[in-house]
Amino acid sequence: MTQRHTAFRNLIGLETEYAIRFRTSDSAGSRPTDEQLYGRLIRALNRTLPVVNARGFEPAKFVATGGAVKFETASQSSNSGLIEGATPECLSPRELLVWQRGQDQLLADAASQAGGSDGDFVLLKNNRDSQGNTYGSHENYDTRFATGVELWLWRLVLLMVFPAVVLCWPVCITLLVLGLLTVWILSEIFYASVVLLRRLRGATPPTRSAVPGVLCLDTQGMPRWFELVCHILLVVGFAPVLAPMSLAIRVVAFRRVRRVLYPFLISRMVCSGAGWMNVDGKYSICQKAGVCRRRMASGIWRARPMINVGNLLEAYVLSVINLQRFRSLWKSHQRMQVSMGDANMCEEAEYLRIATTRLVLDAIEAGVQFDIPRMQPFSAIDTINRGQIEAPVARLRGKSLNAIEIQWLYLNRVREYVRQKAVISDEVDDILRRWDDVLGRLEQNRDSLVGRVDWITKRYLIQGAGHGLSVESRRMIDLKYHELSPEGYYFLLAETGSVVTLVGEEERKAAMRFPPSTARATMRGRYVREFGNTNVPISVDWESLKIGKGMNAKTVSLLHDDFYS
Amino acid sequence: MTAKVKDIDKTQSEPKSTTDGSVVPVEKRAPSVADVIAVIRKDSSQRPDKYLDEVQVPGGGE
């Protein structure tokens, strides 16, 4: 088997869900909905950069930097949501950090301009809202999906189940139409009964929105149960596809990679956790760790896994419409989405989160054998997350290991890999040096990591300013640390020179206008810039773009930096 | 992103009057961590509940 030794040749990217904070001005009337604020943000963004519609069902926009922005409806309320920014594909962790920081600034500026006279509009780059609801960052790494017999088994399943995908679409659409019609009729009967009862009692009939559970197409949005019904109908309709594919994914997908990766992902929160104060005033290291209760899942039932493989199922189901997706699933490399990781304010923490994971994945791909510590993953997550980073959470050859020691284990193995395979570069050297330094300081002088590691920096501010304050006040400090505005506490601290910055102002400005070096991001960015503010119809996705309408439309593939067979 | 330090700078950047009536401008300095802590403490005393209400995403995201 031919081994690829060079670090960073695989694509990487980040998706970040930003929370919305809108403070209504005294003179303003009602607060705009989050979706309206998203519309304003896109218009403000479009005044700075060309923007085009995304292809397919998602109401997303692609920008001239090669990245995308979309509105994500909150899970339990149609009225609330998040702004999701996705960086363009990058080839190195440092490049990705620069484009992530460019995206942060671009969206923060657009939000600031979109505020208007009715209030201040600010984004927060964090992972928990004031009630503890979770969102945040997803990391995407192109890495080895399967090899040899496993890969051919996967391809065989793809071919065998494909007729079911074709058949499931009409079945699912019929099921959805019939199901929704039934739900609508039941809702109307229920509302009519309520109105009749009120009239019989001589009272004024209520409006639709005043009756819980009644479908209502005004600004109140759809009830949560209605979305759940739609979701269940879709899952039932596609069950003949989802069941065998979920099994195939469980058996084949990233099998060697994930076995090595779990202890690393669990322990890396000591370097990249964003810190979180819960409603009881207890402080934990990682905002997302507490909600990850599966190792790998597709997210169909909203389970939050460490590794999310929902993108594979989605690509397969949609491959009937877009055969290019089927072709992508055939490859030995696929996009692996890591969900257990916090969005960071500290540049070095964000850099290390991506870079160390990329190096570990590269080492696995190069055939390096790792010593894999044995651990109870969710018990270990809870222990580390409570701040007990020196408590034993794993065992290797009879020896107990704490979170920092697990990280040392991986660092030392990656060092050997870099030396043996001669994949050293300035950037690799820089990553190894910073990783070593942070781990050393975590053991010996944790407070010296203020400005470098988020959970330590934020705890320092909460302890410094929150002494004697209520839990509410300290939770406010927690949230405001993540504000992407000049008043955000991270940026206030940065003004004092106490935080380590890796991205220069010029680099950031360039990343706010232009795509990175990868061929597909460059092509996408150029097309968006060329056609974005014209009357030519254009729609874009991550793999292709379509110019024109109807029979004369031209589809352009963006998969030119195709490294993988 | 450039931080807004008007609350911090106010005490250091205002000119001082001397006894003979002349005005001596004081050189503007970068805010210190203590200044930041003071700003955060001031913020924290002003309706933190309102701030918490403004940051809500029911059910969260993906």
Side-chain angles (χ1 to χ4, degrees), chain A residues 15 17 19-23 34 72 74-77 79-82 84 104-105 108 124 126 128-136 138 224 291 299 302 304 308 310 339 450 461 464-466 469-470 472-477 479-480 484-489 491-498, chain B:
Chain A
E15 294 167 43
E17 293 168 326
I20 292 169
R21 182 178 80 76
F22 189 82
R23 175 160 290 182
D34 285 351
E72 176 127 349
S75 304
Q76 289 176 6
S77 166
N79 300 324
S80 308
L82 299 146
E84 182 176 307
D104 292 346
Q105 179 89 56
L124 276 77
N126 68 343
R128 294 265 198 170
D129 73 353
S130 62
Q131 306 301 307
N133 295 302
T134 318
Y135 44 92
H138 303 283
R224 174 71 191 137
V291 292
R302 301 207 68 80
R304 294 185 190 276
N308 193 325
S339 290
V450 170
L461 290 179
L469 294 178
S470 65
E472 258 185 352
S473 296
R474 282 181 282 152
R475 284 170 57 216
M476 190 212 77
I477 298 171
L479 286 172
K480 204 164 176 182
L484 297 182
S485 81
E487 283 90 2
Y489 296 153
F491 291 110
L492 280 182
L493 191 66
E495 190 75 353
T496 68
S498 307
Chain B
M1 195 162 298
T2 310
K4 192 175 184 179
V5 289
K6 63 176 185 199
D7 289 337
I8 299 168
D9 279 346
K10 209 169 274 179
T11 53
Q12 290 100 44
S13 57
E14 278 178 358
K16 285 179 180 172
S17 297
T18 57
T19 48
D20 62 358
S22 62
V23 174
V24 179
V26 175
E27 197 176 318
K28 194 170 174 177
R29 67 167 172 85
S32 67
V33 175
D35 295 328
V36 173
I37 298 281
V39 170
I40 297 175
R41 277 195 76 82
K42 190 179 150 197
D43 278 1
S44 306
S45 62
Q46 295 166 358
R47 299 286 311 269
D49 57 323
K50 194 178 171 193
Y51 190 94
L52 297 180
D53 284 347
E54 287 166 353
V55 187
Q56 289 195 27
V57 189
E62 274 182 7

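Below, chain A is the first sequence line, B the second, and so on; all start at residue 1.
For A/Ser473 against B/Pro48, the heavy-atom pair with the smallest separation is OG-CG, 3.5 Å. A/Asp129 approaches B/Val57 most closely through the heavy-atom pair OD2-N, 2.6 Å.
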| task | Dump the intermediate steps for side chain to side chain contact (heavy atoms under 4.5 Å, CB included) on B/Gln56 and A/Asn133, then the final yes or no. | result | CA-CA 8 Å; B/Gln56 289 195 27; A/Asn133 295 302; over 6 Å; no
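The closest donor-acceptor contact from the side chain of A/Thr496 to the backbone of B/Val33 lies at 3.5 Å or more, if one exists at all. Panel note: side chain A/Ser130, backbone B/Val55; a donor-acceptor pair is recorded below 3.5 Å.
How far NZ of B/Lys50 is from CE of A/Met476: 12.5 Å, rounded to the nearest 0.5 Å. The line from NZ of A/Lys480 to CG of B/Leu52 is 12.0 Å long, rounded to the nearest 0.5 Å. To the nearest 0.5 angstrom, B/Asp49 atom CG is 10.5 Å from A/Arg475 atom CZ. Here the straight-line distance linking atom CG of A/Leu493 with atom CD1 of B/Ile37 works out to 8.0 Å at 0.5 Å rounding.
With respect to chain B, the highest number of heavy-atom pairs below 4.5 Å among A/Arg474, A/Glu17, A/Arg128, A/Glu15 belongs to A/Glu17. With chain B as partner, the option from A/Leu82, A/Val450, A/Val291 having the largest number of non-hydrogen pairs under 4.5 angstrom is A/Leu82.
You'll find the side chain of B/Pro58 stays beyond 4.5 Å of the side chain of A/Gln131, heavy atoms only.
Of the two parts of A/Arg304, only the side chain, counted from C-beta on, holds a non-hydrogen atom closer than 4.5 Å to a non-hydrogen atom of chain B. Heavy atoms closer than 4.5 Å to chain B are found in both the backbone and the side chain of A/Glu472. A/Ile20 touches chain B through its backbone: at least one of N, CA, C or O sits under 4.5 Å from a heavy atom, while the side chain does not. For a residue to count as touching a neighbouring chain, one of its non-hydrogen atoms must lie under 4.5 Å from one of that chain's; by this rule A/Ser498 touches chain B with the side chain only.
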